[in-house]
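Single-structure report; data block below.
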2 protein chains.
Amino acid sequence: MSEYPPPQRGRTDAGRHLTGGDGCGYHRVRLLVSTSQPPKSIPQIRSSTEFARYVGLARTTVSRVLNGQPGLKKKTIDRVQQAIQETGFVPNAYALHLKGKRTATVGICMETLFTPPITRKLALLQRRLRDDNFSSLIEVYESGGARNVVRHFLSMRVDAIAFIGHFDEEQFAGHLAELRANATPHVVIDHLGIKGANTVALDRVKGMEFVMNHLLDLGHRTFGLLGFAGTVRSTRDRVRGIRQALAGRGLDFDQCTFSWDHLHPRNNDFEFGGLLAKSFVVHGRPATALVALNDEIAAGAIRGLQEQGVRVPADVSVTGFNNQDLCLMTTPELTSVDQRMEETVSAAADLILSQIGKPLRARPVVRMVEPALVVRDSTAAAQAR
Amino acid sequence: MSEYPPPQRGRTDAGRHLTGGDGCGYHRVRLLVSTSQPPKSIPQIRSSTEFARYVGLARTTVSRVLNGQPGLKKKTIDRVQQAIQETGFVPNAYALHLKGKRTATVGICMETLFTPPITRKLALLQRRLRDDNFSSLIEVYESGGARNVVRHFLSMRVDAIAFIGHFDEEQFAGHLAELRANATPHVVIDHLGIKGANTVALDRVKGMEFVMNHLLDLGHRTFGLLGFAGTVRSTRDRVRGIRQALAGRGLDFDQCTFSWDHLHPRNNDFEFGGLLAKSFVVHGRPATALVALNDEIAAGAIRGLQEQGVRVPADVSVTGFNNQDLCLMTTPELTSVDQRMEETVSAAADLILSQIGKPLRARPVVRMVEPALVVRDSTAAAQAR
DNA sequence: CGGATATTCGGACACTTGTCCGAATCGTAT
DNA sequence: ATACGATTCGGACAAGTGTCCGAATATCCG
């Protein structure tokens, strides 16, 4: 799994429901039927042949009008335009592709659509692709149906495929082989380490180094790590960043860091952060700074600390990761690491778009995007206790 | 525009950047090239003809294998399967459609991909469509290119189109005419009031009635309205809900409600909420409850109040709308209105899926989804001052 | 009205696939 | 070796579109 746990249905339903909400179907749904004008007597146009018949011109003539060829009377062109207005005829893109035209479609495969960072990347990528006149076919990757996703994209003759999130590395080898066999370019966004895959990913090692150096500069020497127990590559990279930063100052990882991850379930990250903060307090606050895996955990930790009467950042500093909008909503505002998603997505788009229509590169390209530390008010100089 | 202002690039970049981040290109991006195995000598297979040649069978025989027809030797079937493994051959979906097969694709057109409620609806809709073996082609609607979106969907012969968000009502009439002419079913999610459109929308009137009745039951009689100045239908509906609830208790809207919307720009809703709360305090706190248009504004208002030394809910109650995850992250947790998106999306999916392959309904269908009030800790009995 | 030019017509082909069908080939039993 | 049933072959067609091209028609000028 990724940095985010799977979505929980009804996670925000924790309050008391006063009205509605028994969650058993549509009986809660009112049905209204409004009046409307009767349908006009325009025939169903399903092909250029039928359309030409409707206009009263030869199919070839209509085709020439639609494709802007010269040698046509203005009157003829107007007649066709008029008929398009009337019938809403649109040529079949599938037939065009069969004639050799590119589909101008990019497949986007995501781990999930339920986490903010991934949907934000989707949004950025879609915008970029649209600007380049490509449309986006989306699929969510599920461990079982993964192969079907790729095969479906290939059957749709997408010009390229982008994968966003974290995927099964073993299955991925098979996908890459299929993509290579079909000369379809690809890029993997934010899953570093897939062998043979073109990859654009945030340098999470460096991100955590930034965080740690910032805290070390503020005089912190003991750190509580919140949520770093995972074995996913992106988590391991962050731990490595922490290790390296500490090593850079001659400090020992095992002596400087503490973790209470094993004490609590990780369902809702915000809640998880709160529980971790409480364990931290209960265990005598053995650190001056809490370093969280992501913003949600950090925000939960801030809340948890405050509920225990611990001041942030006067008593304890807290850091997040991802620099989501949430960072501005905590009190104090949260120091975090910005993913520079625009950079990531832009580089990924460049990577696939530059390969479309050309022979595939023999060697995979890996691009690392450097994150940026955003310092806000949740971090301050370490206080002697 | 909708309830949400347009996305602001770099909205979360408000802190001090210590590292990286001059925002001028890719020089920040390191490039690594990893080694890989040389490409194998498997030919590019572009059609079933080429594939059959590769296998050494007749194209028709291969086709029969691929489509599971009887009367084939096991050895032949195995040979084909083997060749698929080797070449990654996938039949062209475009040719299949030309043979009359449905595209099994639904177009999803969104106002934007940058707001949580809309992307969440996208996620839910995509999951439902996928469960029904449809794939999702997405486009973002921009006032200028709107017509192209619909025409593109039609040229892609999508089986249906779903619109999510708020759209230009005048342009929409044209879209509906085109959809009708092409016998393509549609549904509009959450933009109530488009003439002739099949619509599924939250009953925002009722939502605000729930909020107001809840507050009225708690003894509140004066209300600060945060962010209700917009003229969009969804905003007007909410104001109507407030009016109706007050009228139901014999109270006068103009005497009971206050607004400071005109005093502040609405860029970032969270910030906007904070500014509104401060105006509320500066103007002598003429209300006992603040009713916000959405959760972000409410969260900002809570923060703003607290910064001014006003306690929530002891001194002032605050309510949100949408019941996002954010509601659990404020202190105190935020009373809000749940959109019941699962209901909405499910009803919308039913509406379009039930129409695919059948003649279009003559009259548009409008379904209202009843929201649910979720009471948390940001609302309490009105305090005499 | 004759002739020249400008348009339009309509048949043909290609793109890829699934299916039909008669002909050819394989495998096996006699 | 022959015959028969089981497979496979390969030509043909259809789907919708763009393009080519010779033939047909419309338009214009004198």
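Numbers restart at 1 for each chain; the letters A, B, ... are given by sequence-line order, proteins then strands.
- Rounded to whole angstrom, the span from the CD1 atom of B/I77 across to the C1' atom of D/dA6 amounts to 14 Å.
- Partners of A/N92 under the side chain to side chain donor-acceptor pair (under 3.5 Å) rule, at least two apart in sequence or in another chain, are B/H97.
- Within the structure, salt bridge (Lys or Arg N to Asp or Glu O under 4.0 Å) pairs that include any residue of residues 183-194 of chain A comprise A/K121-A/D190, A/D190-A/R204 (at least two apart or interchain).
- A salt bridge (Lys or Arg N to Asp or Glu O under 4.0 Å) check over residues 69-83 of chain B, counting only residues at least two apart or in different chains, returns the pairs B/K74-B/D78.
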Tabulate protein N/O versus nucleotide N/O from nucleotides 13-20 of chain C, keeping only pairs under 3.5 Å, one per line.
{"from": "C/dA14", "atom 1": "N3", "to": "A/K99", "atom 2": "NZ", "distance (Å)": "3.2"}
{"from": "C/dC15", "atom 1": "O4'", "to": "A/L98", "atom 2": "O", "distance (Å)": "3.4"}
{"from": "C/dT17", "atom 1": "OP1", "to": "B/N92", "atom 2": "N", "distance (Å)": "3.1"}
{"from": "C/dT17", "atom 1": "OP2", "to": "B/S48", "atom 2": "N", "distance (Å)": "2.3"}
{"from": "C/dT17", "atom 1": "OP2", "to": "B/S48", "atom 2": "OG", "distance (Å)": "3.0"}
{"from": "C/dG18", "atom 1": "OP1", "to": "B/N67", "atom 2": "ND2", "distance (Å)": "3.4"}
{"from": "C/dG18", "atom 1": "OP2", "to": "B/S63", "atom 2": "OG", "distance (Å)": "3.2"}
{"from": "C/dG18", "atom 1": "N7", "to": "B/R59", "atom 2": "NH1", "distance (Å)": "3.2"}
{"from": "C/dG18", "atom 1": "O6", "to": "B/R59", "atom 2": "NH2", "distance (Å)": "2.8"}
{"from": "C/dG18", "atom 1": "N2", "to": "B/K99", "atom 2": "NZ", "distance (Å)": "3.4"}
{"from": "C/dG18", "atom 1": "N3", "to": "B/K99", "atom 2": "NZ", "distance (Å)": "3.4"}
{"from": "C/dT19", "atom 1": "OP2", "to": "B/Q69", "atom 2": "NE2", "distance (Å)": "3.0"}

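- Each end of the helix from C/dC1-D/dG30 to C/dT30-D/dA1 yields a helix axis from five base pairs, and these two axes differ in direction by 40° (to the nearest 10 degrees).
- Residues B/F163 and B/F172 place their aromatic rings such that the two centres sit under 6.0 Å apart.
- In this view, B/Q81 satisfies the side chain to side chain donor-acceptor pair (under 3.5 Å) rule with no residue, not counting sequence neighbours.
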Donor-acceptor list for residues 58-66 of chain B side chains, cut-off 3.5 Å, not counting sequence neighbours:
none

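- Applying the salt bridge (charged side-chain N to carboxylate O under 4.0 Å, His left out) criterion to A/D168, with sequence neighbours excluded, gives no partner residue.
- With sequence neighbours left out, A/Q85 forms a side chain to side chain donor-acceptor pair (under 3.5 Å) with no residue at all.
- Atoms CG (A/L72) and P (C/dC9) sit 10 Å apart, rounded to a whole Å.
- With sequence neighbours left out, A/Q355 forms a side chain to side chain donor-acceptor pair (under 3.5 Å) with no residue at all.
- The CG atom of A/L57 sits 17 Å away from the C1' atom of D/dG18 (whole-angstrom rounding).
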I'd like a table of atom pairs between the protein and nucleotides 25-28 of chain D - only N or O on both sides, under 3.5 Å - with the distance next to each one.
none

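- Among residues two or more places apart in sequence or in another chain, the salt bridge (charged side-chain N to carboxylate O under 4.0 Å, His left out) test is passed with B/E178 by B/R151.
- One can place CG of B/D78 at 14 Å from P of D/dT7, the figure rounded to the nearest angstrom.
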